[in-house]
Amino acid sequence: MSLFKQKIESYVGVDIGAQSMKVVELRRTKGRPQLWSYGLADIPEFDPAPFLSDGILPSNVSAHSAATPAVTDAAAAWELEFSDERADHYGELLSELMHRSHIVGKRVASSLPVSQVFHTIINLPPVPEKEIDHLVKSEIAKVLPRPIDEMQIVYQAVPRTEEMKKNYTRLLVTAAPKKVVAFYSRIFAKAGLSLQELETEAFALARSLVGKDESLTMLVAIGATRTNFSLVDKGLPMTERGLQIGGETLDAVIAERLGVTPK
């Protein structure tokens, strides 16, 4: 038995939103999680120009100012949003935030934004387990918004009665672009952290807010620029929808009514 400090079991959760980054550290105390520290930081505008050759933006990107580029092509905008340079920028911010919040844990769990994740439910006939993976990819390829070789796919069985299991296999399938997964992985690597878990936001919310309640529940998550709705049944987020309306929209309406600035 060590005569020095005991090893502390610590876990860090990180949420990266459109305008802010949040961290929280939990420590196991007498078998239960205890809130140890937390922090919040605004995400400053990302200027891609210094990372590009000679500070010149690609031909399909124009800029009103270096800090607020107006991307004219959707594909170019997507590439810029999940670029290595932006990931490094976020990683440096995360490292500074953890330092100022006195968070010392290195094992991290985080979530992917709902807007970048594809969910669907598929039904398969009773087949040997070794064939399920191939059938899932064949079915999901028909409805994915991007080529299947660009997506990382996971699935799990939806709870059913024994009688239903005899007739078909029902699966909840989640797919996320590999580039987005790599983007988040790079952020934590840049911050010197060990990413233990990367899941969709809806699963994390369902586990923490709904828990073991199997009744049908709607979760509403209002962010700065987007509001997401999730229908949770038997503890699983079965359906998700989002609107491009968030706290910024509410701020603007309130500011207009009160005759003040949004700030």
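Across G192 and K106, no two heavy atoms sit closer than the pair O-CD, 3.8 Å. The two residues G39 and L97 come nearest to each other via the heavy atoms C-CD1, 3.9 Å. When every heavy atom of A141 is checked against every heavy atom of I148, the shortest pair comes out as CB-CD1, 3.9 Å. Closest approach of V181 and A176 over heavy atoms only: CG2-CB, 4.3 Å. Residue I187 comes nearest to A87 through the heavy atom pair CG1-O, 3.6 Å, listed as atom of the first residue, atom of the second, then distance. Contact between T227 and G246 at its shortest, heavy atoms only, is OG1-CA, 4.0 Å.
The CG atom of L219 lies 8.5 Å from the CG atom of L231; values are rounded to the nearest 0.5 Å. Here the CG atom belonging to L193 is positioned 5.5 Å from the CG atom belonging to L94, to the nearest 0.5 angstrom. Taken from CG in D233 to OG in S215, the straight-line distance is 8.5 Å, to the nearest 0.5 Å. A distance of 15.5 Å separates OG in S185 from NZ in K190, rounded to the nearest 0.5 Å. The line from CE of M238 to OG1 of T120 is 10.0 Å long, rounded to the nearest 0.5 Å. Once rounded to the nearest 0.5 Å, the distance linking CE of M218 with OG1 of T239 reads 9.5 Å.
Note on V232 and V117: separate hydrophobic clusters, where clusters join Ile, Leu, Val, Met, Phe, Trp and Tyr whose side-chain heavy atoms are under 4.5 Å apart, directly or indirectly. A single hydrophobic cluster is not seen to contain both I140 and V114; linkage of ILVMFWY side chains at heavy-atom distances under 4.5 Å, directly or through other members, places them apart. Linking ILVMFWY side-chain heavy atoms closer than 4.5 Å, directly or via other members, places I132 and L236 in two distinct hydrophobic clusters. Under the 4.5 Å side-chain heavy-atom criterion for ILVMFWY residues, no single connected hydrophobic cluster contains both F118 and F203. The same ILVMFWY cluster, assembled from side-chain heavy atoms under 4.5 Å apart, contains both L198 and M21.
Between R86 and F183 the shortest side-chain heavy-atom distance falls below 4.5 Å. For the pair V173 and I153, the minimum side-chain heavy-atom distance is below 4.5 Å. Using a 4.5 Å cut-off on side-chain heavy atoms (C-beta onward), L112 and Q116 make no contact. Counting heavy atoms from C-beta outward, I43 and L93 have side chains that approach closer than 4.5 Å. In this structure the side chain of Y90 never reaches within 4.5 angstrom of the side chain of Y184, judged on heavy atoms. Between D84 and R186, some side-chain heavy-atom pair lies under the 4.5 Å cut-off. Here the side chains of Y155 and D133 are in contact, with some heavy-atom distance below 4.5 Å. Taking 4.5 Å as the limit, every side-chain heavy atom of T169 sits out of range of all side-chain heavy atoms of P125.
Within 6.0 Å of the CD atom in Q34, the count of heavy atoms belonging to other residues, nucleotides or ligands exceeds 12. Around NZ of K234, the count of heavy atoms belonging to other residues, nucleotides or ligands within 6.0 Å does not exceed 12. Atom CD of E256 is surrounded by 12 or fewer heavy atoms from other residues, nucleotides or ligands within 6.0 Å. Annotation for K137: atom NZ does not count as buried by contact number, only 12 or fewer foreign heavy atoms lying within 6.0 Å.
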Using side chain to side chain contact (heavy atoms under 4.5 Å, CB included), reason through E92 and E96 one step at a time and then give a plain yes or no.
CA-CA 6 Å; E92 292 170 0; E96 179 66 16; over 6 Å; no
For D251 and V253: C-alpha separation, side-chain torsions, deciding distance, then whether side chain to side chain contact (heavy atoms under 4.5 Å, CB included) applies.
CA-CA 6 Å; D251 286 348; V253 172; over 6 Å; no
With side chain to side chain contact (heavy atoms under 4.5 Å, CB included) as the test, would you mind laying out the steps for E139 and L124 before giving the verdict?
CA-CA 9 Å; E139 289 296 317; L124 299 177; 4.2 Å; yes
Using side chain to side chain contact (heavy atoms under 4.5 Å, CB included), reason through F188 and V14 one step at a time and then give a plain yes or no.
CA-CA 10 Å; F188 300 110; V14 178; 3.8 Å; yes
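Remark: side-chain polar atoms of S10 are not paired, donor with acceptor, to backbone N or O of R27 under 3.5 angstrom. Judged by distance alone, the side chain of S37 and the main-chain N or O of S101 form a donor-acceptor pair under 3.5 Å. T249 contributes no side-chain N or O that, together with a main-chain N or O of I245, makes up a donor-acceptor pair within less than 3.5 Å. Of the possible polar contacts, one joining the E25 side chain to the G105 backbone as a donor-acceptor pair under 3.5 Å is found.
The pair R107-E197 does not count as a salt bridge, with every side-chain nitrogen at least 4.0 angstrom from each carboxylate oxygen.
If you check the side chains of H119 and T174, you find a donor sitting under 3.5 Å from an acceptor. Using modelled atom types, one finds a donor on one side chain and an acceptor on the other under 3.5 Å when comparing Q196 with S194.
Among residue pairs with one or both ends in residues 201-229, those qualifying as salt bridge (charged side-chain N to carboxylate O under 4.0 Å, His left out) are E199-R207; sequence neighbours excluded.
With sequence neighbours left out, Y38 forms a side chain to side chain contact (heavy atoms under 4.5 Å, CB included) with V24, L35.
Checking each of I103, V108, I16, D15 against V23 for a side chain to side chain contact (heavy atoms under 4.5 Å, CB included) leaves exactly one that passes, namely I103. A salt bridge (charged side-chain N to carboxylate O under 4.0 Å, His left out) with K179 is found for exactly one of E79, E81, E150, namely E79.
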